[in-house]
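Notes to accompany the following structure.
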Amino acid sequence: MSYRIAKNLDSALEALKEKDPATRIVAGATDLFLQEMPARLVDVSSIEELTAIEEIDNRLVIGAAATHARAAASELIKGRAAALVEACLQVGSPQVRNIGTLGGNVVNAAPAADAAVALVALGAKAVLVDSSGVWREEAVARLYSSYNCSALDGCTELLVRFLIEPCGQGEGSAFRRFAARKALALPLANAAARLKLENGMIASLSLVAAPVGPAPTRLIGTEAAILGKPAGEETWLLAAETAAEEVEVRGSLLRCSAAYRRHLVGILTADALRAAARRAAVSQSGSLT
Amino acid sequence: MEKELIKFMLNGEPVEVYNDPASSLLHLLREKFSLTGTKEGCGEGECGACTVLLDDLAVNSCLIPAGKVNGRSVETIEALSKDGGVDPIQEAFVEKGAVQCGFCTPGMVMSARALLKQNPDPDPEEIKMAISGNLCRCTGYKQIEAAILLAAGKINSK
Amino acid sequence: MPTGIVESPVKIDPRVAFQSPEVWAKVTGKAIYGGDLMLPGMLYGRILRSPHPHARIKKIDIKQASGLAGVRAVLTGSSIVQKPYGIVIDDELPLAEAVVRYIGDEVAAVAAVSYEQAAEAARLIRVEYEELPAVFDPAEALKKGAPQLHAKFPGNIAWERHLERGNCDQAFREADIVVENTFTVPPIHSTYLEPTVCLAVSDPYNGLILHTAVQSPDQVRTIVARVLDLPLSKVRVIGPVMGGGFGGRVYGNLKLYIIASLLAIRTGRPIKMQLTREEEFLVGRPLIGAELKLRMAVRSDGTILAREADIITDNGAYSAQAPWVSKTLSERNDSVYQFKAIKTKVRLVYTNKVPTGQYRAYGNQVANFATESLLDMAAAKLGFDPLEIRLKNCVRAGDVTVHGLQLKSCALADCLKAAAAEIGWHNRKEGRGYGISAAIHSSGSVVFDKNFRGAAALARLELDGRVSIFSGEQDYGQGAHATFTLIAARALGIPAELITIHTRDTLASPFSIGALGMRQTTIGGNAIRLAAEQLREKIVQTAADMVNEPVIFEGGSVKSASGQVIELPAIAFRYYSLTSGLTLVGEGKYVPAESAYDKSGYGNIAVTYSFAAHAAEVEVDKLTGEIIVHRIVAAHDSGRIINHLAALGQVYGGVTQGLGMSCFEGYLFEGGRVANASLADYRIPTSLDVPAIVPLFIEQDDPEGPYGAKGLGEIVQIPVLGAIANAIADTAGVRVTDLPITAEKVFLALSGWECEA
């Protein structure tokens, strides 16, 4: 078993060049102890390029190895993509947030991973590079292949950063989750919304709920149902009903029944919309939220 | 099982050890360095009894591969009473009756230490949040929270 | 072996907040728990467990396992001499021989040089099973044709009891209203934070030493000695510091200790065995699950007439102490109110699931949840205030309850009033629900062993003038050592700092039944008081002989009539030189008067009784069913509180555990396997889940307790459940009768949907 801490991106990519199936890129590495331990680990959590949180060319650039804690504490993200801050704040516990990364959250491919849900709703793009130096951008939602299985090829690809178009004037985002206790708990369901208001009407909208499939999934039907409608309780109620009907959910002994989960998706969708709209209204007046 | 050289700062001193980099930091501390103050309550990152500071941040040492601490700084409960004295946090814990069976205590103290390093004047909500990853079955948390508040006062008045 | 002694660097005024100096070892990480123990040549043990809920063992092949490098012993049921054993019913074997009866049942054990090698060897043991039909639901297990678990118990009933006091049928005929309901509580785990661990050391001359933290070390060693066929004096239990007990460690995991001992005897090397957190849940003897069908008869003026109960408790595959717990569950709570008649049927039923045992209040908390919920239903039907109906019917000092308990002190009514006042019972906030609940618990149970009703202690004057107290009662963080210190200090009239409490070595301490029925303060404390008083007399006598004058022992020093001061070390030395080596020892024998109780269990079963009333203020989000507990007030009658700091800790901790049982915890099973066998899925409250808790102590001297004190440690958990359940019903308008009360259950009750997972 070998554990290497990569000092920069190039050395991390070097390790991937051998296309060895026993080599894994890790950041937080916390999930390893709960699964099979690969023979060779390349730790990218110290690479500055992968942990930076910045705004470049009017885009939020968040390193894949940024921890939940750092993302949650970032004034930059709070001002431009509040849903992500809200999501990161509620993951696990302070100890988990100090080590677990946003990239890890996505690559681990849990269907209701909080940060991933927020990222998808925000329209985040993932930037990847492979061992031969080829870069690509991909919508975060497309990084899932099946339940708990990432579409990323861990032997040859590296998730480098996330790009988010920041919420501007008249835009707002929010994240909500429901869990069995207030810390150290996976969500029974969660939802995130990003919307733009023009003259009090919903001009554009991105709505995600989970777990409703292998990946954080946009609620296309609910989006269509409320697009163009005025921000307000009547619209949120319509969204709740439509979302609850639209999604496919599973129940489980350890979490909750399918029926209750379906109901929660509706409630959380409405909650997220309400909060996002409030932020959008405030930002209409100029100040960022 | 291959062993690798792991070099890091442990409680303020540089150390090096050959160890399986895939075994946990918790086991490394308890077995290789005989620092048994850090406890194993579950081995899965769900209870916080194994909390140590990694570069001043509270983490569950049971989930940190030993190889990850190369070049970094680790602090355990033993650091707080290194020279025979005790830390204000520990004094406060005793004063407030925050220690019953004591098994969660090292982890709680380390979470408190991480909090106070970052936020020397926390309010009660921030204190609750700081220990929300540390389970306690004996105390119901109240006296622990009171202790951390008291500790903040003690440290700030120095 | 390191001892973890740390000097106390900060002085804490003992009158305000006395704690055992051991607290400094704990807060600095120097306290030694079982997992920290290491001995040279130590081997690690691992257990191979059954993956089937019910199966016959056809063949076990240990060849490959035995041949693995580092393996020093492999044991199976057929390779050892064994006979059935148990705590109440002898229905278990150290290692399964012919049949396995639950997923987790111990089939084989390995000792190896490293933990990994032991685990690997266990994986290499090949077992051929023939699966048998299994039964998981007690109601199914009672049916004709159900798989039978134990040949000696046809019908799968391990224990049953039919109890009647007064004329129940008549009471129901006379009643103006009758309410009934069925309440269910799943098995609940004590969830102490330290996983169970044992280091067994065996040698042919000294015998067996078990380094393990248990709440009743003498009970454990008695059973281990019996099972291993060793003389009792050759089995010694030495306790490292205990990381939580809560009743789950009274007997601990006997199976683990026995297997570790067998491996130690076989290999001649120290054996360390630990349960993983998953094993704690899989095999760790949770509190019995129960279903209670209750009916209550009440008069229109609010007088409770009678209560009828049909209770089924889930034994799991083996009994452990479940019959005793079932007994307490079926009767203790009845003594909260002045019932005219009681009729109870309780059956403890075997199922192919994890064997069950006890947790803190020993089943009383389960009955409390059910009865307190039902009482509120009665109050609602009558249009009675739930507080008033309790004040009208609750027991008072001097009462003899329906089961014959003699209440020498009782401030229950005061507790109810105080809790109600503090929660704002008559000053309610908009949109909130309020609930109240009352409880009783034995303080100093005398019925665990009729021949062993009390406790003994020794107090020894050391040559340095300090005093050592020897007792078999354990401190697992609840402050027993501190309480004992204060009692001894008061009895002797010396500073608390001069006293050291020794409880953790069965070689040195008197025999003790252990932590059952809140015996520690009342019974253990009284024995210590008596021992200290006798030592005091001997000190006075010896000093008087030394100076040939009368002396007085006051304010920590001994003075003769002529004003001469005689130091304690000098007194100790005097006796020591007179006897060539003996020290002055006071013996304390506290043996409560024998209670007459008849075959039906009617009689006074404890020295005295503690009482409590808890009130809760909650809010329910009707959109999701989410329960927000805002405040819990816990009013306690535990006589005179000796140690306020520790008492506060008990209330905060016990209430939080009760909250856990009410809203968060409970075993979930899938095909007989514990499905939530981790701290992630068996959820105890975190700091963010605990509401404001207000402890109130109604202090009245109890005539029996040491300096007027009564037990607190178990009752703290009990009435929370009823208070929260009633508060939720008060605001939501619907009642959930199946613990834990989760948001989903509340929502389903509110919406009227059918529930299916």
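Chain letters run A, B, ... following the sequence lines, proteins first and then strands; every chain starts at 1. Since we're looking at a predicted model, the values are computed, not measured. Computed from heavy atoms alone, side chains included, the values below leave out hydrogens, waters and symmetry copies.
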>> Taking C:Arg49 first and then C:Glu279, would you say they form a salt bridge - that is, a charged N and a carboxylate O separated by under 4.0 Å?
In response: yes

> Are the ring centres of C:Phe183 and C:Phe369 closer than 6.0 Å?
Replying inline: yes

> Which bit of C:Thr742 is near chain A, if near means a heavy-atom gap under 4.5 Å: side chain, backbone, both or neither?
Replying inline: neither

>> At a 4.5 Å cut-off on heavy atoms, which part of C:Asp681 comes close to chain A: side chain, backbone, both, or neither?
In response: side chain

>> Please report whether the ring centroid of A:Tyr260 lies less than 6.0 Å from that of C:Phe747.
In response: yes

> Highest number of heavy-atom pairs under 4.5 Å with chain C: which of A:Leu254, A:Leu188, A:Leu186, A:Ile267?
Replying inline: A:Leu254

>> Less than 4.5 Å to any heavy atom of chain C: does that hold for the side chain of A:Arg255, its backbone, both, or neither?
In response: both

> Is the closest basic N to carboxylate O distance between C:Arg123 and C:Glu120 below 4.0 Å?
Replying inline: yes

